[in-house]
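Report on the structure given below.
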Amino acid sequence: MRLKRDPLAFAAAVFGLWAFFLVQAVNTPVLLDDWYQLTWHRHHALSFATIWEYAHYNYFHFNPRVGDVLLMLMNGPRVIHLVATPLVQVALLWLVFALALGRWPRARIRDLQLLLVIQVAIWIVIPIPGIIYFYRPFATNYLWAFATTLALFVPYRLELARAAEARPRYWLVPVMLVVGWIAGMSNEHTGPTVMVAVAVAVAVAWRTGRFRAWMAAGMVGLYVGYPMLFLAPGQHERYAGIATRNTPVRLLAERGLAGCFEIVVDFVGESQLGIWLAVLAVLLYIGAKRSRGETTPALTRPQVATIALLVAAAGSIVVTLFASPTVGERLFFASGLLLVAAIVAIVDLTFAERAARRVVVGLCLVIFGYHVIRFVAVSAMGKAENDQRIALLRAAPAVSVAVIPPYKMWKRTRWWWGDDLRYASLREYIANEVYDLRGIEYDRHIRWSEPTPPDQYVATRTFEPPLPPEVAARTVPLRYIPTFWEWTLVQLRRAIVLDHLGDVDGHRLVRYVVDVQGSAFADPKHRPFHVLDWTPHALVFLDGRQYDDLLGLPYVRVWADSVPADLTDTYAVGCGTTTRVEPQPDREEHVGPLIPITLACRGTYTAVMCTPTACWLAGRYWR
Amino acid sequence: MSSRTPFLRDPARLATTALVVFVAAMFVVHAVCGWAMPLFGDDWTYRIWDGRFGHLSSGRWVLHYLGDHWASADLATDLLTRTDWMHVLVTPLVALLLVAGVYTLAFGRLPSARSSEDVLLFVLASALLWIASARPGVQWFHRATVGTQLYGCAFAVWALVPWKTRPNLRTSDAIAVAVFGFLAGTASRQIGTGTLIAALIAYRRVPASERVTWMRIALAGLAIGTLAGYLDTPYLEVRRVAWRGFEPNLVTLLVPLREHGALVAIAGLLVIARAIAAARWPRTVVATREPPESRVAIHTGLAWLGLAAAALFGPRYNETTAFPAAVVMTIGVLPYFAWLYDSRVTRAALVAIAVTTHLVAWTTALRMYLPLHREYQARVDAIAASAVDGVATVPPYAESMPGTFAYGDDWGGAWQRQRVAMEVFHRDDIVIAPAFRRYEVNPGIALRLDTSLTPAQLAAAHGPALWATHPGAAREQFTDFIDRVRATGARGFTAQLVAPALGRPELGNRPVLVAWYDHDTLVAPGVNRGNPDENNRIVLRIAGGPPRGFSEAWVLHGTTIEKVPAAAGLRMQPMVAEDHVGLVCDSSRCFVADAFRPGL
């Protein structure tokens with residue numbers, strides 16, 4: 001009787017989970033990176049051609065990951081997100097289950113309990129579940145991406161766990177080739193581990209006589225995709241080529257042993273609750289055995305191998321982060337999932353004892369319930385505030401400065417991203433690109449929000465053969481020049497690649513100079529004040545960023561290789577005054593000269609470096 | 001010819017030698033680090049005490065001293081800050097005692113110096129305590145933390161050891177156990193309560209026929225100490241924990257979970273390694289023992305959770321208050337490490353963990369504290385070289401921010417810095433140059449004492465020659481002064497600390513006061529300055545609310561003065577780096593709540 005009820009209960013539970021994910025998808029707000037996709041959709045209809053155009057541009061000039069293309073799709077017609085995202089989120093459970101136990105879940109209560117453990121373990125192991133699951137840019141770049149990677153690996157796992165040899169399944173060859181390529185194009189930090197894991201799986205299959213053509217296809221796809229991602233031209237242009245500065249070797253040297261150890265400690269710290277769940281299950285299992293006078297059976301070799309390999313793979317991805325410019329949080333998602341698979345492999349064994357099963361399932365039900373309630377409540381509140389903000393922006397008169405209240409949930413938590421308009425560059429982008437406004441400002445002073453820069457940028461184009469200035473200005477009109485040089489460059493690249501500004505009826509763009517206008521900088525020598533100077537063969541700008549030294553004192557730190565050789569004087573501009581300052585050496589990290597900032601008021605400070613003929617924006621600092 | 005086994009082939013002699021070397025090394029490293037560790041933070045409170053009560057006659061001084069230092073944490077910290085030798089000689093012994101106590105509670109016996117397994121586990125106990133400490137350097141060497149946590153935990157484990165080993169104790173021994181219990185009980189409410197509950201559970205588990213006198217004496221000592229701890233101020237912060245809310249409390253608990261969970265993660269990894277070894281190289285695993293009792297581990301886990309949660313109730317909560325929970329976690333996991341000893345692979349890993357942890361921790365501590373000692377000495381020398389009653393200028397510490405081993409620069413706050421300058425070094429103030437981010441400039445408000453006291457009465461009460469220029473420090477100084485005046489028997493006098501430079505036309509003719517004494521009533525309330533909120537608003541809250549009738553609030557900065565709402569604290573939004581003064585006024589006078597220059 002009970003067995004008959006199991007499939008019903010199983011189906012009902014899975015439907016409930018899908019419904020929860022659907023509600024969350026409905027309540028997904030437009031946040032941070034989502035806004036950039038809106039601009040695309042504003043100017044492009046969705047078709048295979050435009051998807052290709054987007055992917056092509058991204059690969060060569062921006063974020064080459066496949067997740068960014070998925071993000072564009074998820075921000076397209078709403079139905080795509082509502083249909084696809086909940087399915088992927090549910091499918092992730094199946095994939096982790098298969099990875100951990102070498103089989104698909106069956107429609108029975110025991111497997112449902114294990115799926116519950118997987119879902120709960122994922123939420124308690126990964127650092128920011130609310131953001132990874134329900135913030136589209138992270139969901140597509142990490143959750144979708146690693147789900148694809150697992151989808152690539154699971155067939156190998158199932159094949160190797162199978163008692164009897166399977167049929168060749170040639171239809172899998174093209175599928176695995178594509179999935180392998182997508183997995184390779186997913187994430188820089190997961191690729192190496194996945195490549196090794198797939199190679200090991202193929203080698204084992206070869207040795208045991210189970211090798212199939214689809215295995216080679218998946219491997220080929222992966223081995224083509226990952227180098228394509230790692231060496232993508234966009235990596236060099238993204239964020240003005242910061243990736244080329246932060247080379248893996250440099251990052252390893254900067255972090256040192258202590259920094260690398262800290263990453264491991266961070267991951268272990270984040271995973272604690274999941275580890276404790278497994279330990280509790282094991283203790284209850286052993287305790288139950290003991291209470292009956294039974295000895296604890298030893299693990300079989302396949303069980304040990306599964307658990308050890310999953311833990312080793314998780315550790316390997318964490319180790320890859322040693323050479324990554326960013327660490328923690330979202331980058332722990334993949335290793336977290338592998339650890340969850342190891343935890344489930346352990347918990348599955350302990351579920352042979354009723355005591356362990358009851359306590360662990362009971363605990364998981366409570367944690368699951370708490371998470372669902374919090375996720376739904378937070379997303380609903382966030383969505384309402386987001387809708388209200390969008391309505392305000394839509395209602396604002398064109399070319400005006402829209403005034404908005406901050407989100408009540410402005411802080412970043414494990415449930416919610418927080419208020420994304422804290423970034424002045426994003427406010428500027430949304431105002432100009434999405435709503436044709438002049439700017440967006442909060443209705444009050446906010447400590448956590450970057451003030452809008454006090455100056456404006458103007459661009460001067462030079463064509464060869466020359467175009468009359470009025471024609472040059474009219475060609476590919478830009479309604480504003482972003483006042484953050486990274487975005488000024490992005491705008492220029494898009495104009496060249498997508499709008500063909502580089503070649504206007506035979507007139508080639510040979511120079512693009514961006515200057516500061518309306519700055520409080522009072523140059524005693526009245527020199528031109530440049531931000532960047534672009535030619536097809538060179539880009540000149542000063543790469544300076546906000547920096548606090550070990551004493552916590554404020555500076556703008558300029559990368560040494562971008563400092564002009566004929567530097568004559570340096571200034572700090574803030575609170576309406578210009579002060580000549582002396583750059584100081586960077587004794588801590590040897591990146592480049594430090595321009596000291598004296599904080600006299602809250603607001604934006606600008607660092608300026610001058611040569612005999614021109615001054616250059618060296619960076620900004622805000623407080 | 002000797003028939004003795006060669007040294008390297010004699011495991012017992014090797015084990016003894018290893019133990020001796022470890023104990024000696026630990027003693028030396030802890031002694032050196034203890035010597036090198038400067039006075040920091042709360043340490044100064046104990047030295048300021050001397051400045052406040054140094055004028056008393058010896059009899060009254062002793063009475064005051066015992067009244068203020070009856071709790072073990074206060075007494076230990078005072079002795080540690082008073083004399084270097086105590087921290088150099090006694091603290092390392094206490095640390096060793098703690099490790100030995102942890103071992104004994106984990107296994108129910110002392111380690112045998114002739115057993116390599118026991119020696120390894122003893123060294124591991126120390127290593128695990130290092131690993132589980134969120135801020136190990138501060139935990140082991142900062143005097144105020146050591147006095148409360150390290151000494152308190154050592155007292156607690158040794159108060160509990162007899163309950164584990166159940167020896168036949170004489171009455172005199174029982175009294176010693178009771179004294180340990182009292183000392184543990186008065187170390188902190190968290191340690192006292194945890195120890196008392198553990199002892200009560202142990203007592204309940206003893207069959208009624210086996211309950212003997214020492215148990216009751218030991219329980220009494222522990223209960224008295226714990227109860228006394230609850231009666232001492234500041235009281236439990238139940239309201240603060242309740243107001244914080246469910247989730248913020250959970251987030252706070254993540255600190256011990258992360259730090260102590262590392263021990264569980266290491267044990268888990270080693271268990272997997274043991275399973276691999278057993279499957280792949282079965283001959284390397286002896287497998288002589290069953291894993292430890294799950295029940296004990298679960299109970300230890302619950303005790304850990306209770307202690308970690310108890311830390312939330314304060315009065316202070318920081319990483320170091322999780323140390324008692326770290327001790328319990330170490331006691332809980334140590335038997336699992338003993339179980340892992342039966343595999344060659346995991347045994348090698350245990351040795352590696354024990355050795356590497358100490359090498360890294362000790363070298364890091366020595367590399368941090370020896371230069372820090374020189375920096376501290378440079379500060380003290382600079383102060384000594386400055387004029388008495390003048391302002392001393394000292395350099396900042398190289399590590400101004402708190403870290404795993406670094407305490408951070410404790411003289412960032414203007415209030416405490418000036419108190420230390422005046423009471424400990426007899427200087428008007430201390431200035432740190434170059435400044436660091438969290439450095440707060442003294443607002444430098446010149447104060448004048450207006451009083452009806454005669455010069456003779458002032459002299460008898462040791463009236464200060466100099467008044468602090470920070471209102472908070474000046475109020476404390478004034479409170480001490482009034483106490484001393486009253487101690488001379490004077491009554492019916494008036495005294496007020498006036499800030500003439502803060503007078504403004506907008507305030508009318510009302511005097512601006514930092515504190516006053518009138519009609520036998522002292523008005524010098526403490527003021528809490530909150531951290532800036534998301535709108536950079538700072539709220540000044542006067543302890544117990546503003547004095548009666550003070551319903552008008554003003555904020556002064558630069559040449560500006562503005563009236564602000566006074567309800568629910570005095571609110572201001574400092575946007576410029578200039579001195580800000582918060583005032584509350586009634587019809588006849590204004591009270592300086594606080595003055596500061598915001599660090600933007």
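Note that these values count all heavy atoms, side chains included, but never hydrogens, waters or copies made by symmetry. Please read these numbers as outputs of a predicted model, since none were measured by experiment. Chain A is the first sequence line, chain B the second, and so forth, proteins listed ahead of strands; every chain is numbered from 1.
Pairing each heavy atom of A:G287 with each of B:S294, the nearest pair is N-OG, 3.3 Å. Across all their heavy atoms, A:E270 and B:R258 have their closest contact at OE2-NH1, 3.3 Å. Considering every non-hydrogen atom in both A:R447 and B:P532, the closest pair reads NH1-CB, 3.4 Å. Closest of all the heavy-atom pairs between A:L599 and B:A577 is O-CB, 3.5 Å. Residues B:Y397 and A:L551 approach most closely at O-CD2, 3.6 Å, considering heavy atoms. In this structure, B:A265 and A:Q272 approach most closely via the heavy-atom pair CB-NE2, 4.0 Å.
In this structure, the side chains of A:R290 and B:P291 come closer than 4.5 Å at one or more pairs of heavy atoms.
Of the listed residues (A:R444, A:K411, A:R374), the greatest number of heavy-atom pairs within a distance under 4.5 Å of chain B belongs to A:R374. Comparing A:T413, A:D548, A:D266 by heavy-atom pairs within less than 4.5 Å of chain B, the highest count is held by A:D266. Across A:V279, A:L553, A:D549, the residue that shares the most heavy-atom pairs under 4.5 angstrom with chain B is A:L553. Considering only heavy-atom pairs separated by less than 4.5 Å from chain B, the leading option among A:I275, A:I446, A:I307 is A:I446.
When heavy atoms are compared at a cutoff of 4.5 Å, A:L299 approaches chain B solely by way of its side chain, counted from C-beta outward. Neither the backbone nor the side chain of A:Q303 comes within contact range of chain B; no heavy atoms are under 4.5 Å apart. Of the two parts of A:W448, the backbone and the side chain both hold a non-hydrogen atom closer than 4.5 Å to a non-hydrogen atom of chain B. In this structure, chain B has a heavy atom under 4.5 Å from the backbone of A:A600, while its side chain stays farther away. A:Y370 touches chain B through its side chain: at least one heavy atom from C-beta onward sits under 4.5 Å away, while N, CA, C and O do not.
Within 6.0 Å of CZ in A:R292 there are more than 12 heavy atoms belonging to other residues, nucleotides or ligands.
Remark: of the listed residues B:M575, B:E534, B:R537, B:M575 is the sole one forming a side-chain contact (heavy atoms from CB on, under 4.5 Å) with A:H445.
Using a 4.5 Å cut-off between non-hydrogen atoms, the part of residues 398-410 of chain B that approaches chain A consists of B:A398, B:S400, B:M401.
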Next on the checklist: Checking A:W276 against B:L257 for the side chain to side chain contact (heavy atoms under 4.5 Å, CB included) test, could you report, in this order, the C-alpha distance in whole Å, the side-chain angles of both residues, the deciding distance, and whether it holds?
Outcome noted: CA-CA 10 Å; A:W276 284 44; B:L257 180 81; 4.1 Å; yes

